[in-house]
Amino acid sequence: MSIAVALHLIFAVIWVGGMFFAVYVLRLAASSLEAPLRISLWDRGFKKFFPWVWASVIILPATGYYLIFNVYGGFSSLPIPYHLMHLLGILMILIFLHLWFAPYARFKKAVSAEDFPEAGKHLNTIRIFVTSNLYIGIANSMIGASGKYWM
């Protein structure tokens, strides 16, 4: 159980922390760069960060379901805060999948074509989804950290 909890926590921190860095650090630091350089920076950043998000998208549900079924005996005896975490986690994954297959795919295509205005448009859409997921992830982290005190 301790390994599952540790992995769950580590990959939640990686995903949420990475989104915080992207929204509140890299975005602001890159805003003064010319479009080709800014877009190129984001393209390289996404290529380094998104494999970690994919790992999180796999490991978080795997460890979460392990805990649900092996510690709590299934959903019927799961405390309400953990039902909320489950719901928010599924929502975060769905938002990421949409981001990956729609605006990020269009962003990559525009970057390959060196169409920086178009890439910038998709980068802004990505920002909206990442920011939304960041706030959901922060709420989920707060539930995870305080959930046992609700009971």
Side-chain angles (χ1 to χ4, degrees), residues 3-68 75 78-150:
I3 292 172
V5 170
L7 284 173
H8 200 82
L9 179 61
I10 288 165
F11 280 89
V13 168
I14 288 170
W15 192 2
V16 175
M19 291 187 294
F20 183 90
F21 176 80
V23 170
Y24 289 107
V25 178
L26 185 58
R27 182 177 66 86
L28 298 174
S31 66
S32 63
L33 300 174
E34 294 295 322
L37 190 56
R38 184 178 67 253
I39 299 296
S40 178
L41 174 64
W42 277 105
D43 183 45
R44 288 191 313 272
F46 288 144
K47 287 176 182 172
K48 298 293 184 185
F49 179 56
F50 283 162
W52 289 102
V53 177
W54 277 108
S56 297
V57 163
I58 293 165
I59 291 171
L60 286 166
T63 55
Y65 290 129
Y66 173 84
L67 294 167
I68 288 169
F75 283 99
L78 193 65
I80 289 174
Y82 301 139
H83 279 285
L84 289 172
M85 285 181 69
H86 179 247
L87 174 69
L88 293 176
I90 294 297
L91 179 60
M92 288 179 70
I93 290 169
L94 290 173
I95 289 170
F96 173 72
L97 291 174
H98 172 73
L99 180 154
W100 176 267
F101 289 109
Y104 180 59
R106 291 188 292 266
F107 172 81
K108 290 190 306 186
K109 185 177 177 181
V111 169
S112 293
E114 296 185 5
D115 185 350
F116 298 113
E118 185 69 13
K121 183 176 92 175
H122 298 301
L123 182 60
N124 190 53
T125 302
I126 292 167
R127 176 193 59 80
I128 292 167
F129 284 114
V130 170
T131 303
S132 299
N133 242 4
L134 169 62
Y135 291 132
I136 296 167
I138 289 171
N140 220 1
S141 298
M142 291 170 60
I143 293 167
S146 64
K148 75 179 197 173
Y149 302 107
W150 292 20

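Within the model, atoms CZ of Phe49 and CH2 of Trp54 stand 13.0 Å from one another, a figure rounded to the nearest 0.5 Å. The CG atom of Leu134 sits 12.0 Å away from atom CZ of Arg127, with the distance rounded to the nearest 0.5 Å. Between Leu78 atom CG and Met85 atom CE the span is 9.5 Å, to the nearest 0.5 Å. The CG atom of Asn133 sits 11.0 Å away from atom CD1 of Ile138, with the distance rounded to the nearest 0.5 Å. Separating the CD1 atom in Ile93 from the CD1 atom in Ile136 is a distance of 11.5 Å, to the nearest 0.5 Å.
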In a table with atom names and distances, give each donor-acceptor pair under 3.5 Å that connects a side chain of residues 114-123 to protein atoms at least two apart or in another chain.
unit_1	atom_1	unit_2	atom_2	d
Asp115	OD1	Glu118	N	3.3
Glu118	OE2	Lys121	NZ	3.4
Glu118	OE2	His122	NE2	2.8

Using residues 3-28 as the side-chain source, report each donor-acceptor pair under 3.5 Å to any protein atom, sequence neighbours left out, with the distance given to one decimal.
unit_1	atom_1	unit_2	atom_2	d
His8	ND1	Leu60	O	3.2
His8	ND1	Thr63	OG1	2.6
Tyr24	OH	Tyr135	OH	2.3
Arg27	NE	Val23	O	3.2

Between Leu37 and Leu41, is a side-chain contact (heavy atoms from CB on, under 4.5 Å) present by the stated rule, with each step listed? CA-CA 6 Å; Leu37 190 56; Leu41 174 64; 5.8 Å; no
Please step through side-chain contact (heavy atoms from CB on, under 4.5 Å) for the pair Tyr82 and Ile68, ending with a clear verdict. CA-CA 9 Å; Tyr82 301 139; Ile68 288 169; 6.0 Å; no
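Under the rule for a side-chain hydrogen bond (donor to acceptor under 3.5 Å, both in side chains), Tyr66 has no partner lying at least two apart in sequence or in another chain. With sequence neighbours excluded, the residues forming a ring-ring contact (aromatic ring centres under 6.0 Å, His included) with Tyr104 are Phe46, Phe50, Trp100, listed by chain and number. Shown here are the side-chain hydrogen bond (donor to acceptor under 3.5 Å, both in side chains) partners of Ser32, two or more places apart in sequence or in another chain: there are none.
Under the 30°/60° scheme for interplanar angles, the aromatic rings of His83 and Phe75 are found to be tilted.
The closest donor-acceptor contact from the side chain of Arg38 to the backbone of Ala30 lies at 3.5 Å or more, if one exists at all.
Pairs engaging residues 44-63 under the salt bridge (Lys or Arg N to Asp or Glu O under 4.0 Å) rule: Asp43-Lys47 [sequence neighbours left out].
When side chains are defined from C-beta on, Ser112 does not count as touching Lys109, because their heavy atoms never get closer than 4.5 Å.
For the pairing with Phe107, the side-chain contact (heavy atoms from CB on, under 4.5 Å) check across Ile39, Thr125, Asn124 returns one residue only, Ile39.
The two residues Pro61 and Ser56 have their closest heavy-atom pair at CD-O, 3.7 Å.
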